[in-house]
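Read the structure below first, then the notes.
Everything numeric here is computed off the predicted structure, so don't read it as measured data.
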Amino acid sequence: LPKEMPSDIYEVAKLYQPLIDEIGETFYLSNLYAMAKKNQFPHPHITFTSFREHGIMLAHGDGVFSWKKPEEKNEEG
C-alpha cells in the first residue's frame, strides 16, 4: 500500500483489486472487511460506503456483495 491512500475512489479500488481477486467477485462484506484489516487498509467502512456510492460494490442482501471492476473514471465523474 502507498504511504497515503489516493483521494480518487477509482484509484483506491485498484488497490483493493488483489483482495477481490483472492475472495472472488461475489463475497460477504465481513470477508472483505477482514481481508482489508489483515492487509492494513485504512478506514474500510468509509471506503466500502464510497465504493457502494460509486457503483463499484453492489449489495445483494444478507451481507452479500459483488464487485464491479471500475472502469477508468469518465470526465463527468
Side-chain angles (χ1 to χ4, degrees):
L1 289 177
K3 235 180 191 182
E4 190 172 309
M5 292 296 272
S7 58
D8 184 308
I9 194 63
Y10 298 96
E11 292 300 315
V12 175
K14 289 179 186 177
L15 296 174
Y16 269 83
Q17 190 62 52
L19 302 185
I20 299 302
D21 292 344
E22 188 171 331
I23 64 173
E25 290 193 6
T26 300
F27 51 87
Y28 283 100
L29 185 60
S30 58
N31 291 346
L32 182 58
Y33 181 78
M35 291 281 294
K37 293 298 275 184
K38 177 182 170 189
N39 288 279
Q40 300 178 345
F41 279 74
H43 314 294
H45 285 299
I46 296 167
T47 302
F48 297 167
T49 298
S50 191
F51 285 160
R52 291 180 66 191
E53 289 170 352
H54 287 85
I56 297 168
M57 225 169 69
L58 308 171
H60 295 285
D62 297 324
V64 176
F65 287 79
S66 63
W67 184 259
K68 181 179 175 205
K69 189 172 181 179
E71 298 177 17
E72 293 302 315
K73 185 172 72 168
N74 62 30
E75 293 300 316
E76 295 174 19

Note to self: Through direct or indirect side-chain contacts below 4.5 angstrom among Ile, Leu, Val, Met, Phe, Trp and Tyr, which residues connect to L58?
What the structure shows: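 Under the 4.5 Å side-chain rule, L58 groups with nothing.
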
Check: Does one hydrophobic cluster hold both Y33 and V64, with members joined at side-chain heavy-atom distances below 4.5 Å?
Finding: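 Cluster IDs for Y33 and V64 differ.
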
Checklist line | Linked, directly or transitively: V12 and I46 (ILVMFWY side chains, under 4.5 Å) | finding: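 No, V12 and I46 fall in different hydrophobic clusters.
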
Taking side-chain contact (heavy atoms from CB on, under 4.5 Å) as the test, write out the residues that go with [X], two or more places apart.
{"X": "T49", "answer": "E53"}
{"X": "N31", "answer": "Y28"}
{"X": "A34", "answer": "none"}
{"X": "Q17", "answer": "I20, D21, W67, K69"}

If I take atom [atom1] from residue [X] and atom [atom2] from residue [Y], how far apart are they, to the nearest 0.5 angstrom?
{"X": "F48", "Y": "M57", "atom1": "CZ", "atom2": "CE", "answer": "6.0 Å"}
{"X": "R52", "Y": "I9", "atom1": "CZ", "atom2": "CD1", "answer": "13.0 Å"}
{"X": "E11", "Y": "M5", "atom1": "CD", "atom2": "CE", "answer": "10.5 Å"}

Notebook entry, point to check: So, do L15 and P2 sit near enough that their side-chain heavy atoms are less than 4.5 Å apart?
Noted result: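 Yes, at least one pair of side-chain atoms sits under 4.5 Å.
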
Item checked: Exercise: identify the closest heavy-atom pair between I56 and A13 ->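 Smallest interatomic distance, heavy atoms only, reads CD1-CB, 4.1 Å.
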
Next item on the list: Work out which heavy atom in K14 is nearest to a heavy atom in P18; give both atom names and the distance.
Entry: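 Of all heavy-atom pairs spanning K14 and P18, the closest is O-CD, 3.6 Å.
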
Note to self: Test your reading of the model: is there a side-chain donor-acceptor pair from N39 to the backbone of F41, 3.5 Å cut-off?
What the structure shows: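 The answer is no, because no donor-acceptor pair under 3.5 Å joins these two groups.
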
Check: Can the ring centroids of F51 and Y16 be said to lie less than 6.0 angstrom from one another?
Finding: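 Close enough - the centres of the two rings lie under 6.0 Å apart.
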
Next item on the list: Only counting residues at least two apart or in another chain, list the ones meeting side chain to side chain donor-acceptor pair (under 3.5 Å) with H60.
Entry: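 H60 satisfies side chain to side chain donor-acceptor pair (under 3.5 Å) with S66 once adjacent residues are dropped.
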
